[in-house]
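Here the structure is laid out as C-alpha cells; the discussion comes afterwards.
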Amino acid sequence: MKPAAFDYFRPSSLEEALQQLAACGDRAKVIAGGQSLGPMLNMRLATPSDLIDLNDLTELAYIRDLGDTLEIGALTRHDQIAESKLVQARCPLLAQAAKTIGHYAIRQRGTIGGSLAHADPVAQLPLIATTLEAKIEIVSRGGQRSLPASAFFQSVMTTALAPDEIIRCVHFPKVAVNEGTSFQLFNRRHGDYAIVAVAATVALDGERVSCVRVGLSGVSAVPLACDDILRPFSGRVVNAAWATEVALAVRAAVSPEDDQRIAAVYRKELTQTLVERALVRALSRAKG
Ligand SMILES: Cc1cc2nc3c(=O)[nH]c(=O)nc-3n(C[C@H](O)[C@H](O)[C@H](O)COP(=O)(O)OP(=O)(O)OC[C@H]3O[C@@H](n4cnc5c(N)ncnc54)[C@H](O)[C@@H]3O)c2cc1C
C-alpha cells in the first residue's frame with residue numbers, strides 16, 4: 001500500500017518546525033528517521049494531514065557531556081549513540097542497548113527522539129530511559145517542559161506528548177565510579193524486537209551493594225523499573241546467591257500476559273534468566 005495524501009514541510013529550524021506544527025493542528029505529524037512512521041504511513045495506520053520532516057534540524061543531532069549527565073539531541077541516530085566513545089565510556093548501558101536495535105540500515109536512520117515518541121513497549125531506548133530515569137525535554141510554541149521517563153511513557157505506543165510538542169533532547173545520568181551495567185536481550189532472530197529485555201546497573205561500596213537498578217521490557221505495556229522490588233536487596237553484602245535471589249523476586253513480581261506468540265510463563269522464565277545474567281555481569285564490571 002501507499003500512504004494517504006498529506007502536505008509535506010521541511011523546516012530548517014526548530015522554531016520553524018514548532019510554528020508549522022502549531023499551525024497544522026492535531027492531525028499533523030513530525031517525521032524523523034521514518035523507520036516506524038514510514039511503515040505506518042504505508043499501511044495507513046497513520047494518516048496525517050501534514051508531515052513535518054525534522055531531518056534538516058542538525059541543531060538536534062548531538063551528544064554533549066554536561067558533567068553529571070549526557071545530553072543527547074532528539075535527532076541523534078541510533079548508530080551515533082552506539083558508536084560514540086563518550087556514550088560508551090559514560091553511559092555504557094545506552095551504547096550497549098543502541099547497538100542491538102534492528103539492523104545496520106535501521107540504526108543509520110532511526111533517532112532517539114523517534115524511538116521514545118513511538119514508545120514501542122519492547123524497544124530498547126525507552127527501556128534504558130526508564131531504567132536510568134532519564135529526563136526528556138519537550139518543546140512547543142508555548143514553552144518547554146522536562147519529564148522523567150516514568151511520567152513520559154503512559155501505555156503501549158502512548159506518551160505524555162501533546163500534538164504540538166516535539167522532543168528536543170534527553171538527559172541520561174552518567175555511570176558512577178564502582179558501578180557496572182549490563183543489557184541483556186532475548187529474541188528469536190538477530191535484529192528482531194526483543195521478547196524480553198533487561199537493563200541492570202549495580203553500584204558497590206566495598207562488598208556492599210549501594211544501588212541496584214533493573215528495568216524490564218516485554219512484560220508490561222510500558223518498560224518497568226523494578227525499584228520497589230529491589231529495595232530489600234540494596235545495602236546488602238554480595239554473596240554467591242544475591243543475583244539469584246533478586247532474579248527470583250523480580251520473576252515473582254511481574255505479570256506478563258499470554259499472547260498468540262508467547263506464553264506468559266515463558267516471559268517469566270526469560271525474565272528470571274536475563275535478570276540473573278545481567279546482575280552477574282554488572283557486578284563483575286562494578287568490581288572492575
Ligand atoms: C525492520 C525494523 C526493525 C526494527 N527493529 C527495532 C528494534 O529491534 N528495536 C527498536 O527499538 N526499534 C526497532 N525499530 C524501530 C526503530 O528503532 C525506529 O527508528 C524508531 O522506533 C523510531 O525512530 P524514527 O526516528 O525512525 O522515528 P519516526 O519513524 O520518524 O517517527 C516515529 C514516531 O515518533 C514521532 N517523532 C519522531 N521524532 C520526534 C520528536 N523529536 N519529537 C516528537 N515526536 C517525534 C513521529 O511523529 C512518529 O509518531 C525497527 C524498525 C524497523 C523498520
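Ligands are counted one by one from 1 in listed order, and the atoms in each one are counted from 1 as well.
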Checklist entry - Got the closest protein heavy atom to atom 13 (C) of ligand 1, with its distance? => result Y193 OH, 3.1 Å
Checklist outcome for this item: atom 8 (O) of ligand 1 has as its nearest protein heavy atom G102 N, 3.2 Å
Checklist entry - Do other residues, nucleotides or ligands put more than 12 heavy atoms under 6.0 Å from D68 CG? => result no
Item to check | From CG (L161) to CG (L147), nearest 0.5 Å | outcome: 8.5 Å
Item to check | salt_bridge(D205, R208) N-O dist < 4.0 Å | outcome: no
Item to check | Contact check: S36 vs ligand 1, nitrogen or oxygen atoms, below 3.5 angstrom | outcome: yes
Checklist outcome for this item: Quick note on ligand 1: atoms under 4.0 Å from a heavy atom of I31 include exactly 30 (O)
Item to check | N/O donor-acceptor pair under 3.5 Å between S84 side chain and I81 backbone | outcome: no
Item to check | Under 4.0 Å to a heavy atom of L37 - the qualifying atoms of ligand 1, by number | outcome: 28 (P), 29 (O), 31 (O)
Checklist entry - Looking at E137, E133, R64, which one forms a side chain to side chain contact (heavy atoms under 4.5 Å, CB included) with H171? => result E137
Checklist entry - When you measure from atom 35 (C) of ligand 1 to every protein heavy atom, which one gives the shortest distance, and what is it? => result A117 CB, 3.6 Å
Checklist entry - Just heavy atoms, cut-off under 4.0 Å: does L161 contact ligand 1 by side chain, backbone, both, or neither? => result side chain
Checklist entry - Going by the atom numbers of ligand 1, which of them fall below 4.0 Å from some non-hydrogen atom of D192? => result 8 (O)
Item to check | Contact atoms of ligand 1, heavy-atom distance to A74 under 4.0 Å | outcome: 41 (N)
Checklist entry - What is the nearest protein non-hydrogen atom to atom 41 (N) of ligand 1, stated with its residue, atom name and distance? => result I167 O, 3.2 Å
Checklist entry - Is a side-chain donor or acceptor of T130 paired with a backbone partner of A225 at a separation under 3.5 angstrom? => result no
Checklist entry - Which residue and non-hydrogen atom of the protein lie closest to atom 37 (C) of ligand 1, and at what distance in Å? => result G114 CA, 3.4 Å
Next on the checklist: Evaluate H78 for polar contact with ligand 1, using N/O atom pairs at a separation under 3.5 Å.
Outcome noted: yes
Next on the checklist: Give the atom numbers and elements of ligand 1 that come within less than 4.0 Å of a heavy atom of G33.
Outcome noted: 24 (P), 25 (O), 26 (O), 27 (O), 30 (O)
Next on the checklist: Is it the case that over 12 heavy atoms from other parts of the model lie below 6.0 angstrom from the CD atom of E257?
Outcome noted: no
Checklist entry - Should I106 be counted as touching ligand 1, given the test is an N or O pair under 3.5 Å? => result no
Checklist entry - What are the atoms of ligand 1, with element, lying closer than 4.0 Å to any heavy atom of V30? => result 36 (N), 39 (C), 44 (N), 45 (C), 46 (C), 47 (O)
Checklist entry - Do S217 and P121 come close enough that some side-chain heavy atom pair is under 4.5 Å? => result no
Next on the checklist: Check E83 with K99, please: is the shortest side-chain N to carboxylate O separation under 4.0 Å?
Outcome noted: yes
Checklist entry - Going by the atom numbers of ligand 1, which of them fall below 4.0 Å from some non-hydrogen atom of I166? => result 41 (N), 42 (N), 43 (C)
Checklist entry - Got a donor-acceptor contact below 3.5 angstrom from the S234 side chain to the R231 backbone? => result no
Next on the checklist: Donor-acceptor check, side chain of R251 to backbone of T271, threshold 3.5 angstrom: yes or no?
Outcome noted: no
Checklist entry - Would you say G38 has any N or O atom under 3.5 Å from an N or O of ligand 1, going by distance alone? => result no
Item to check | The one among M157, Q124, R168, R107 that brings a heavy atom closest to atom 11 (O) of ligand 1 | outcome: Q124
Next on the checklist: Using a 4.0 Å cut-off to any heavy atom of K29, which atoms of ligand 1 qualify?
Outcome noted: 47 (O), 49 (O)
Item to check | Donor + acceptor pair across side chains of T181, E179 (<3.5 Å) | outcome: no
Item to check | Nearest-neighbour protein heavy atom for atom 53 (C) of ligand 1, which is reported as residue plus atom name and distance | outcome: Q35 O, 3.2 Å
